[in-house]
Amino acid sequence: MAPAADAKLTGLVAATFTPFTTQGDINLPVIGPYIDYLIEQQGVKGIFVNGTTGEGMSLTVAERKVLAEEWCQKAKGKMDRVIVHVGCLSVKESQELARHAAQIGADGISIIAPFFFKPKNPEALREFMKEVAAAAPNLPFYYYQIPALTGVNVQVIDVIQDIEQLIPSFRGVKFTGSDLMDLGQCVSYCRPEWSVLYGVDEHLLAGLAMGVHGAVGSTYNYIGCHVNKLVSAFENGDLVKARTIQFKMQELLSYAMKLGFDVGVNKQLMSELSGLSLGPPRLPLTPCPHAQAELISQKYRSVFL
């Protein structure tokens, strides 16, 4: 049975950080309070776990299973949607994680393109996706395009054309890139039950203007409450307000990027702003100096508060 057509994914989805202890082990007790924080403080009720922000490719398969199960258990009855990223370099490991996601009650799965031996064309990528999706045929399946990290630069429109014939469970794309022509073609081609979710937080308003149905991003962990106002303003036709919020996001992120913004810095920033103890990133990422995160925190407060 294919996923129900009325389960369209929309709105803001936080790409969650993975909590670690100071020793670098996964820190499960933080996940419950993390979910409560997203709901109560940010108004965000969708999460994308074990992805880029969650350092998923730096985790073992066993760790990814434990984390996915904890996110799903703690989110049950609270979150609207938990999407589990199951992408691996090995199709067999991706299938293993997909089957596990189905067993633990995830609301969907997603994969990035394998990036060591890369698919040489859209057809090869589609075949890889097909094999993974088939391992959990009842779960909505989303392709996660992030060429800046994978180096796989195939046009998404070439990947998704007629894909429902190959992958009946296909339900959309997490589009993390700046090619607005490709994005627009995806939106134009999109089937009614599919979702195109934009993944470049600082360009969200452009994505909304192109017709995306929602967004997945790391900054929605701590500025989701403001971005929800941006989305509402856009939907109500108040472009001045929407632009004002987008420009504030850009001011914050531009400042952070000049200080060397990466997942490690972003994770520490989340800890500073939320009060959650998320721990350090995992090597090869390196910890962010407290002083650097505090400067970005101060910038956040000057921009948004």
Side-chain angles (χ1 to χ4, degrees), residues 9 13-18 46-61 63-65 67-68 71 82-101 106-136 139-160 163 166-167 169-179 182-183 186 194-201 212 214-218 262-263 266 281-282 284-285:
L9 179 55
V13 178
T16 56
F17 299 92
T18 293
I47 51 176
F48 185 98
V49 307
N50 292 348
T52 304
T53 303
E55 304 174 71
M57 302 309 294
S58 297
L59 302 168
T60 67
V61 168
E63 286 176 324
R64 289 170 71 169
K65 286 182 177 181
L67 282 161
W71 283 113
V82 179
I83 307 299
V84 178
H85 173 250
V86 301
C88 298
L89 298 184
S90 162
V91 67
K92 295 296 185 181
E93 289 186 342
S94 289
Q95 289 173 318
E96 181 181 346
L97 289 171
R99 284 189 290 267
H100 178 260
D107 299 299
I109 55 174
S110 180
I111 65 165
I112 59 171
F115 53 85
F116 188 81
F117 293 121
K118 299 178 176 65
K120 61 183 179 181
N121 52 43
E123 290 71 33
L125 177 54
R126 285 157 58 94
E127 285 297 320
F128 186 94
M129 292 164 55
K130 174 187 174 184
E131 292 299 314
V132 177
L139 282 185
F141 179 90
Y142 301 88
Y143 169 54
Y144 176 7
Q145 167 89 339
I146 184 165
L149 290 182
T150 64
V152 178
N153 290 296
V154 298
Q155 295 288 290
V156 181
I157 187 61
D158 294 332
V159 176
I160 69 172
I163 198 158
L166 194 68
I167 305 175
S169 60
F170 185 82
R171 287 297 178 270
V173 177
K174 179 181 184 290
F175 192 109
T176 305
S178 55
D179 186 343
D182 192 22
L183 177 66
C186 290
W194 294 3
S195 301
V196 177
L197 308 165
Y198 200 42
V200 184
D201 303 11
V212 301
V216 182
S218 61
D262 63 7
V263 171
N266 205 3
R282 180 168 286 181
L285 296 174

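By convention here, the first residue in the shown sequence is residue 1.
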Using the side chain to side chain contact (heavy atoms under 4.5 Å, CB included) rule, take Thr52 and His85 through it: C-alpha gap first, then chi angles, then the decisive distance, then the call.
CA-CA 9 Å; Thr52 304; His85 173 250; over 6 Å; no

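- Side-chain contact between Ile112 and Met57 is present, with heavy atoms from C-beta onward closer than 4.5 Å.
- Using bins of under 30°, 30° to 60° and over 60° for the plane-to-plane angle, the ring pair Phe170/Phe141 lands in the tilted bin.
- Each side-chain hydrogen bond (donor to acceptor under 3.5 Å, both in side chains) pair with one or both residues in residues 92-101, not counting sequence neighbours, appears once here: Lys65-Glu96.
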Could you pull out all donor-acceptor pairs under 3.5 Å where a side-chain atom in residues 113-121 meets a protein atom, sequence neighbours excluded?
from   : atom 1 : to     : atom 2 : distance (Å)
Lys118 : NZ     : Phe115 : O      : 3.1
Asn121 : OD1    : Glu123 : N      : 3.2
Asn121 : OD1    : Ala124 : N      : 2.8

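- In this structure, Phe48 has its ring center no closer than 6.0 Å to that of Tyr142.
- One N or O on the side chain of Asp107 and one on the backbone of Val82 form a donor-acceptor pair closer than 3.5 Å.
- The two residues Arg64 and Gly87 have their closest heavy-atom pair at NH2-O, 2.9 Å.
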Side-chain donor-acceptor pairs under 3.5 Å in residues 126-136, sequence neighbours left out?
from   : atom 1 : to     : atom 2 : distance (Å)
Arg126 : NH1    : Val159 : O      : 2.7
Arg126 : NH1    : Gln161 : O      : 2.8

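- Note that OG1 of Thr176 and CG of Leu197 are 9.5 Å apart. Values are rounded to the nearest 0.5 Å.
- Between Val216 and Ile83 there is no side-chain heavy-atom pair separated by less than 4.5 Å.
- We find the OG1-CG distance between Thr60 and Leu67 to be 8.5 Å, quoted to the nearest 0.5 Å.
- For the atom pair Ile160 CD1 and Leu166 CG, the distance stands at 13.5 Å (nearest 0.5 Å).
- The backbone N or O of Ser58 sits nowhere less than 3.5 Å from a side-chain atom of Glu63 that would complete a donor-acceptor pair.
- Note that CG of Leu97 is 9.5 Å distant from OG of Ser90, once rounded to the nearest 0.5 Å.
- With rounding to the nearest 0.5 Å, the separation of CH2 in Trp71 from CD1 in Ile47 is 5.5 Å.
- Looking only at distances, no side-chain donor or acceptor of Gln145 sits under 3.5 Å from a matching main-chain atom of Val156.
- Heavy atoms only, all atoms of each residue included: Val13 and Leu9 are closest at CG2-CD1, 4.2 Å.
- No donor-acceptor pair under 3.5 Å is formed between the side chain of Asn50 and the backbone N or O of Val86.
- Atom CD1 in Ile111 sits 12.5 Å away from atom OH in Tyr144 (nearest 0.5 Å).
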Take Asp201 and Ser218 through the test side chain to side chain contact (heavy atoms under 4.5 Å, CB included) and record every step on the way to the result.
CA-CA 8 Å; Asp201 303 11; Ser218 61; 4.2 Å; yes

